[in-house]
Amino acid sequence: MTGPLVPFREFVLKVHSRCDLACDHCYVYEHADQSWLTRPKTISDEAISWTARRLAEHATTHALPSVTVILHGGEPLLAGPTRLRRVCEELGSALNGIAELDLRIHTNGVQLSPRYLDLFDEFHVRVGISLDGDRAANDRHRRFANGRSSHPMVMRAVELLREERYRHLDLGLLCTVDIHNDPVAVHDALAALEPPLVDFLLPHATWDDPPPRPDGSPTAYADWLLSVFDRWTEQGRPMPVRMFASVLSSLGGGPSLTESLGLAPTDLVVIETDGKLEQVDSLKSAYEGAAATGFDVFRNTFDEVAAHPGVRARQLGLASVSETCRRCPVVRSCGGGLYTHRYRSDHGPESPSHGGFDNPSVYCADLAALIRGIEDRTAAAIESPAVRSPDELLAAHQDLTRTLLAALHDTLDGRGGALWDESWRLAATVEADAPGAEALDAVLAHPYTRTWLVDALEDVEAGRGLTEPAAERLAATVAAAAVRAGLDLPVPVAYRDGSLHLPTLGTVLLGGPRERGAAVVRPTDGGFLVRRPASAPGTELRIAPDEPEGPHWLPVHVLRRAPAPVLLLDDLDPLRDHFDAPATDRLEAAEADAWADRVAEAWSLLADAVPDQAAEAARMLTTLTPLFTGGAEPGRHGPGALGVGPVVGAEELASGLLSGFRRAKLRALGEVTDLYALDGTWEHRTPWGSEHVTFSRLLAETFERAGLGLYDPRYLTGVPEALDMIENAAEVTVDGKQLIAAVRKEISGTRSAAGKESRQELPAVRS
């Protein structure tokens, strides 16, 4: 198996191998592996010392900032306070100065007392208690060997842990699901205890020993959990529930939060009371020896265990699940289920399953129903507003730009230099004025702002420091905002190559190609002054931004031809060259007028054929950059920019603008929301070609073709099939599904190609 070694960060230390309860669903005593019978009851001093030594060794090797150790059993409290103190002291001493130690204990609570909790308080040991609900639910399985109820003793332990002096040690409750129990009653009993967390656990089962399904329902466990979810939601989600949080996180494109769901690699190892090193304990449900590695703490390092084939098999993410799971749309949320639950000793002639763990979970139907049920119930809440509304998308990007700017300033931490510091101070002054704040937002919304911010942040984070052009750009941005707002505020700036560019306004010409210097921009009525030191020639220039081009002022071309929106035709900004094709030099006035005419004519075609898209593009597009070659493309600027190559006529420009806008919009969405995950894990064949492409390319081509298909229905060929592929793909997230739903609605009323006047062949869709 390939791939880097994943270090362990969580260690389950068995301090006692026996239990004072006789729970009939316990994987340690009641399932296939009975190795507990041969193990010492209590962990030895030697095993404790070697465990501590191996932990320190592993943390040092992998520079781990922290490690989690869970004291477990059997019932760990049976080890007694003296033995538990020894464990805590040895582990803490070994890791002192190397890594932070996060100590926890999982107990049935029967033995818990102030004596133990005072010890745990001393060593910061947090306590998780197993409780299956109210008394009827808990006593269904969690009884003493003589049948006596454990519920009163467990409740006493929970109440003790809720006392103010011990509340900080409370880790939460672990509840094993039993579909015979009333889900609402179980939820309410647990919620009444105000736990910091509830962890619902599916009872361990395999294909050889499947979970009970009294009514034969393949989704009985999902139905039970969804009833809990509904009650949890109805009650205002009174406590965190790990399983639900994990599903909600993964549906939104985030990580799973539990080993039992999701594709995150396992990072857990078990140390038994005899020092043997084993895989995750639940494997004992599969077969005798399933968790064994052949290693122990006395002779072997944790790295040796991490390299064990059984451990590596659970660290390969998507590659570790069965072929059936890899093609399932919910695999990113369920992760194929708990590894143990996939086990089957063999497969019959009528079964598609394989022997071993190369199968879907025995809870497959339950997991799919649970994830889809939560998705259906919460889609509106977890969908990104940016997918629903162009205005929300623009607002999200404005927030992102401001966040990047703040992050850059924070990362600089006073190392930006005098010009940066003064510009930052003046930006706050501009923002304190209402017209100034609006003007600053307008300049920051210029798509080239994103370009320099991202580059500058990468430089600073890589240790290269802030470049002079980046500091100069912030100064020019503040100056442009002050000019737009008409604020009487002198703003120091710097110029290079004889010119000072004020974004969204134009370029002041101050000298020759290699001339550099400092100046001050001060707004005036109807314009601004640019002052240089007295020794410089042409000490003061008075500029009116709306005045025509002259010897000292090159205004940004503004296209104003209805029905097209007002657009900047930016052939001046030094940052404009971030497209696949090179940007042109400064256009003559006649060339800019010709651009205005062609854009207006093209927009008229779009407004007639695709009015909704034309209106949306008018809200989002702000800047066109003339390119020497090519069609229309967003480049790597922020939203609102398109680079456009030379065009022959309005028809070609219309299709190019539409194509470029669709690509720009999808890219803008991808920057503020998660439309997909696991891109490139496998490839898809597009319905319009024989080529296999990644999911991101399939999504991009489909989105672009759908938009073009509204203009020329020939492009809709294969789009419905592609939408089905995307909607059912494992990579797509809730936001991605929301986008696909919007596209379906968008194309639902399209006229057939046969019924629409044929248009000339459009440029090929690009990935």
Side-chain angles (χ1 to χ4, degrees), residues 1 6 8-14 17 19 23-39 68 70 72-74 76 106 130 174 176-177 199 201-211 256 258-297 300 302 304-317 319-322 325 334-347 353-364 367:
M1 297 180 184
V6 178
F8 296 116
R9 290 177 171 81
E10 191 167 306
F11 303 82
V12 175
L13 180 60
K14 299 295 192 73
S17 66
C19 190
C23 308
D24 59 15
H25 58 8
C26 180
Y27 61 85
V28 174
Y29 306 108
E30 302 296 332
H31 286 203
D33 190 308
Q34 293 292 299
S35 56
W36 66 274
L37 291 167
T38 63
R39 301 200 192 281
T68 298
I70 302 170
H72 214 282
H106 286 176
S130 296
L174 291 82
T176 301
V177 173
D199 215 350
L201 309 173
L202 291 170
H204 291 313
T206 67
W207 289 101
D208 289 0
D209 185 16
S256 68
T258 172
E259 184 201 5
S260 61
L261 297 171
L263 295 166
T266 182
D267 58 359
L268 179 148
V269 64
V270 178
I271 305 102
E272 290 284 356
T273 56
D274 56 3
K276 292 257 185 5
L277 296 171
E278 296 201 336
Q279 300 178 62
V280 63
D281 236 21
S282 62
L283 284 170
K284 296 181 187 298
S285 301
Y287 57 88
E288 184 78 36
T293 65
F295 300 130
D296 59 59
V297 293
N300 305 105
F302 286 124
E304 289 178 82
V305 186
H308 185 278
V311 175
R312 297 282 276 170
R314 293 183 294 115
Q315 295 178 338
L316 299 177
S320 70
V321 302
S322 69
C325 293
C334 85
L338 192 69
Y339 192 73
T340 301
H341 299 169
R342 307 173 198 171
Y343 180 72
R344 188 184 191 108
S345 60
D346 200 355
H347 60 91
S353 298
H354 300 280
F357 298 93
D358 187 21
N359 306 292
S361 167
V362 72
Y363 290 104
C364 177
L367 295 174

Do Phe302 and Phe295 have their ring centres less than 6.0 Å from each other? no
Can you tell me how far apart NE2 (His341) and CG (Asn359) are? Round to the nearest 0.5 Å. 13.5 Å
Test of understanding: with side chain to side chain donor-acceptor pair (under 3.5 Å), list the residues that count as partners of Thr68, not counting sequence neighbours. Asp102
On a heavy-atom basis, which atom in Phe8 and which in Ala306 lie closest, and how many Å separate them? CE1-N, 3.5 Å
Non-hydrogen atoms of Ser285 and Thr340 that approach each other most closely: CB-CG2, 3.9 Å
Rounded at 0.5 Å granularity, tell me how far CG in Leu283 sits from CD in Glu278. 9.0 Å
Apply side chain to side chain contact (heavy atoms under 4.5 Å, CB included) to residues Leu201 and Val177 and explain how you reach the verdict. CA-CA 6 Å; Leu201 309 173; Val177 173; over 6 Å; no
Heavy-atom nearest pair, Val297 first then Leu277, reads CG1-CD2, 3.5 Å
Report the distance from atom NE2 of His106 to atom NE2 of His72, rounding to the nearest 0.5 Å. 6.0 Å
Locate the shortest heavy-atom distance separating Ala286 from Phe357; write the atom from each residue and the value. CB-CZ, 4.2 Å
How about Val362 and Thr206: do any of their side-chain heavy atoms sit closer than 4.5 Å? no
To the nearest 0.5 Å, what is the distance between CG (Asn300) and NE2 (His308)? 10.5 Å
Lys14 and Asp274 ion-paired at < 4.0 Å: no
Rounded distance [0.5 Å steps], OG in Ser282 versus OH in Tyr339: 11.0 Å
Which pair of heavy atoms, one from Trp207 and one from Arg342, lies closest together, and at what distance? CD1-O, 3.5 Å
Any donor-acceptor N or O pair under 3.5 Å, side chains Asp208, Ser345: yes
Atom pair CD1 (Ile271) and CG (Leu13), whose distance is rounded to the nearest 0.5 Å: 5.5 Å
Which is it for Val270 and Asp281 under the side chain to side chain contact (heavy atoms under 4.5 Å, CB included) test, yes or no, and what are the steps along the way? CA-CA 7 Å; Val270 178; Asp281 236 21; 4.0 Å; yes
Before giving the answer on side chain to side chain contact (heavy atoms under 4.5 Å, CB included), spell out for Leu367 and Ser361 the whole-Å C-alpha distance, their side-chain angles and the decisive distance to 0.1 Å. CA-CA 9 Å; Leu367 295 174; Ser361 167; 4.1 Å; yes
Leu202 vs Leu338, test: side chain to side chain contact (heavy atoms under 4.5 Å, CB included). Steps then yes/no. CA-CA 9 Å; Leu202 291 170; Leu338 192 69; over 6 Å; no
Heavy-atom closest pair, residues Cys325 and Gly336: SG-CA, 4.0 Å
